[in-house]
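Naming convention: chains lettered A, B, ... in sequence-line order (proteins, then strands); numbering from 1 in each chain. The analysis underlying the following values was restricted to heavy atoms, covering all of them including side chains, and did not include hydrogens, waters or symmetry mates.
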Amino acid sequence: KQEVTQIPAALSVPEGENLVLNCSFTDSAIYNLQWFRQDPGKGLTSLLLIQSSQREQTSGRLNASLDKSSGRSTLYIAASQPGDSATYLCAVLNSGYALNFGKGTSLLVTP
Amino acid sequence: DARVTQTPRHKVTEMGQEVTMRCQPILGHNTVFWYRQTMMQGLELLAYFRNRAPLDDSGMPKDRFSAEMPDATLATLKIQPSEPRDSAVYFCASGLAPLLGGLAIWSQHFGDGTRLSIL
């Protein structure tokens, strides 16, 4: 059974800092890995999707990397802003269509 | 902008009552998922459907939970009887199942969830 772990569980940084969120998974036979953002009381918004054959994806200040052989992914946020405060979830797609989620990293960016 | 719509957004009820949560998937999507989110367990898959047929409901307590798709525009999740441990946020998601070989780029769209409290 796929296990997805996210470290740290919570993170507080001052505005402007660069930061890294970590995700690890136990079964490397994945189709893709996705990073989602969840705001309080809201659903999940997809940020980046990395196919199993890719090493990284970038969107604006966000960069996600994937090392499938070691079962690791990182989400790098450059020049953090208070609006980045949210919970960030990592999910992997194995067989079928259902995603396996980590428990998330709760990020607070202070002004 | 197409969205997955869930109702109700919030539900508070007493133990033993029946609870029905509804989901309207994005028009044209043929896969529908039910997830449950708690602080302890995170997001867990309860059940999912493809073309309205249940594909996997192994994550769902069968004795009290049931999931159905009466038609392509409506998915329901019922709990009867409800218990305090069922308190959680329940999310519905939908997607268009890819052709063979397309899973690498496939994702899901999530609704805003139903926050359920069982007293």
Let me see the donor-acceptor pairs closer than 3.5 Å between chain A and chain B, or none if nothing turns up.
from: Asn32(A); atom 1: ND2; to: Leu103(B); atom 2: O; distance (Å): 3.2
from: Asn32(A); atom 1: ND2; to: Ala104(B); atom 2: O; distance (Å): 3.1
from: Asn32(A); atom 1: ND2; to: Trp106(B); atom 2: O; distance (Å): 3.1
from: Gln34(A); atom 1: OE1; to: Ser107(B); atom 2: OG; distance (Å): 2.5
from: Gln34(A); atom 1: NE2; to: Trp106(B); atom 2: O; distance (Å): 3.4
from: Gln38(A); atom 1: OE1; to: Gln37(B); atom 2: NE2; distance (Å): 3.0
from: Gln38(A); atom 1: NE2; to: Gln37(B); atom 2: OE1; distance (Å): 3.0
from: Gly41(A); atom 1: O; to: Arg9(B); atom 2: NH2; distance (Å): 2.9
from: Gly43(A); atom 1: N; to: Asp112(B); atom 2: OD1; distance (Å): 3.2
from: Tyr97(A); atom 1: O; to: Gln108(B); atom 2: NE2; distance (Å): 2.9
from: Tyr97(A); atom 1: OH; to: Arg50(B); atom 2: NH1; distance (Å): 2.5
from: Leu99(A); atom 1: N; to: Tyr35(B); atom 2: OH; distance (Å): 3.3
from: Lys103(A); atom 1: NZ; to: Met40(B); atom 2: O; distance (Å): 2.6

Original post:
If two hydrophobic side chains count as joined below 4.5 Å and joins carry through other members, does Leu19(A) share a cluster with Leu47(A)?
Top reply: yes
Original post:
Under a 4.5 Å heavy-atom cut-off, does chain A meet the side chain of Leu45(B), its backbone, both or neither?
Top reply: side chain
Original post:
Within a reach of under 6.0 Å around CG of Leu27(B), are more than 12 heavy atoms found that belong to other residues, nucleotides or ligands?
Top reply: no
Original post:
Does Phe101(A) share a hydrophobic cluster with Leu75(A), counting links as ILVMFWY side-chain heavy atoms below 4.5 Å and allowing steps through other members?
Top reply: no
Original post:
Can you say whether Leu49(A) sits under 4.5 Å from chain B via the side chain, the backbone, both, or neither, judging by heavy atoms?
Top reply: side chain
Original post:
Which region of Leu89(A), side chain (C-beta onward) or backbone (N, CA, C, O), has a non-hydrogen atom less than 4.5 Å from a non-hydrogen atom of chain B, or is it both or neither?
Top reply: side chain
**OP:** Tell me whether Val4(A) is reachable from Ile7(A) by hopping between hydrophobic residues (I, L, V, M, F, W, Y) whose side-chain heavy atoms are closer than 4.5 Å.
**Re:** no
Original post:
Are Leu107(A) and Val20(A) in one and the same hydrophobic cluster, where Ile, Leu, Val, Met, Phe, Trp and Tyr link if side-chain heavy atoms are under 4.5 Å apart?
Top reply: no
Original post:
Roughly how far, to the nearest 0.5 Å, is CG of Leu43(B) from CG of Leu44(A)?
Top reply: 6.0 Å
Original post:
Applying disulfide bond (SG atoms under 2.5 Å apart), which residue pairs with at least one partner in residues 5-97 of chain B are found, sequence neighbours left out?
Top reply: Cys23(B)-Cys92(B)
Subject >> Hphob cluster co-occupancy, Leu11(A) + Tyr76(A), side-chain heavy atoms under 4.5 angstrom >> reply: no
